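Residue numbers start from 1 in every chain, and the chains themselves are labelled A, B, ... in the order their sequence lines are given, proteins ahead of strands. Values in this document were obtained by computation on a predicted structure and should not be read as measured data.
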Amino acid sequence: AQKITQTQPGMFVQEKEAVTLDCTYDTSDPSYGLFWYKQPSSGEMIFLIYQGSYDQQNATEGRYSLNFQKARKSANLVISASQLGDSAMYFCAMRERKDDKIIFGKGTRLHILP
Amino acid sequence: AAGVIQSPRHLIKEKRETATLKCYPIPRHDTVYWYQQGPGQDPQFLISFYEKMQSDKGSIPDRFSAQQFSDYHSELNMSSLELGDSALYFCASSVWGRDEKLFFGSGTQLSVL
């Protein structure tokens, strides 16, 4: 069963608009961490934001925020005031405490339009 | 700030040859992970090490082996290369138990001809 689901294969957003990238996850482990990574066309995997399952507040990092809804098992990434440089593939990922590895969703390709 | 260093950045090999990929973690990071990302795919976990011991194993072919050395750098050795091994190979490092500090290197693009 898919543990990380990203339902938007691709998105087109106008520059300066806010964008929400969806991510739902499936786990029975009460302790886990959620990640978002950005992968531009150059290929590197850039860490954006992290949310722990016991964190009381939603994580924020500059223009990135994570809308964490634990009961719904949802961890959407919100990018405020999008920029052309935000065009990239975005991966949601999870690490369960009982495992060592992190597992990735299939990704969402975001296109920012001028 | 220092990041995860991977070398080489690009590698071209022939079928049945061997390849060695290297990963230098962020200073004071004790855990290393290897991932394989095929074209248009999400990264797939291969193997991880904590304090020089293998800590988890994923879908790593028997033709591949890896180890972590005393200075915490890691090497992924790939033998009898096949066309299907062409992929972007990532290394990530973290401090054990500190998920928020999990960072990836820029990857090694391996092309098998």
The reported gap from CZ in B:Phe103 to OH in A:Tyr37 (rounded to nearest 0.5 angstrom) is 7.5 Å

Next item on the list: Output the distance between atom OG (B:Ser48) and atom CD1 (A:Ile102), rounded to the nearest 0.5 Å.
Entry: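 Atom-to-atom, B:Ser48:OG and A:Ile102:CD1 are 11.0 Å apart.
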
Looking only at heavy atoms, the pair that brings A:Ser42 and B:Arg9 closest together is O-NH2, 3.4 Å

Same apolar cluster: [X] and [Y], side chain cutoff 4.5 Å:
X: B:Leu46; Y: B:Tyr24; result: no
X: B:Val112; Y: B:Ile60; result: yes
X: A:Val78; Y: A:Met11; result: no
X: A:Leu21; Y: A:Ile103; result: yes
X: B:Phe90; Y: B:Trp34; result: no

### Task
For each of B:Gln37, B:Gln41, B:Gln6, tally heavy-atom pairs with chain A at distances under 4.5 Å, and name the one with the top tally.
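Greatest number of close heavy-atom pairs with chain A: B:Gln37.
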
Looking only at B:Ile47, B:Thr31, B:Leu102, the option with the highest number of non-hydrogen pairs under 4.5 Å against chain A is B:Leu102

Within 6.0 angstrom of [X] [atom1], more than 12 heavy atoms from elsewhere:
X: A:Leu113; atom1: CG; value: yes
X: A:Lys98; atom1: NZ; value: yes
X: B:Lys22; atom1: NZ; value: no
X: A:Gln14; atom1: CD; value: yes

Would you say that [X] contacts [Y] through its side chain, given a criterion of any heavy-atom pair below 4.5 Å between the two side chains?
X: A:Phe47; Y: B:Phe104; result: no
X: A:Phe104; Y: B:Phe45; result: no
X: A:Met45; Y: B:Pro43; result: yes

Against chain B, label [X] side chain, backbone, both or neither, depending on which of its atoms sit under 4.5 Å from a heavy atom there.
X: A:Arg109; answer: neither
X: A:Gln39; answer: side chain
X: A:Ile49; answer: neither

Whatever's closer than 4.5 Å to a heavy atom in chain A on B:Tyr50 counts as neither

Are B:Arg98 and A:Tyr50 close enough that a side-chain donor and a side-chain acceptor fall under 3.5 Å? no

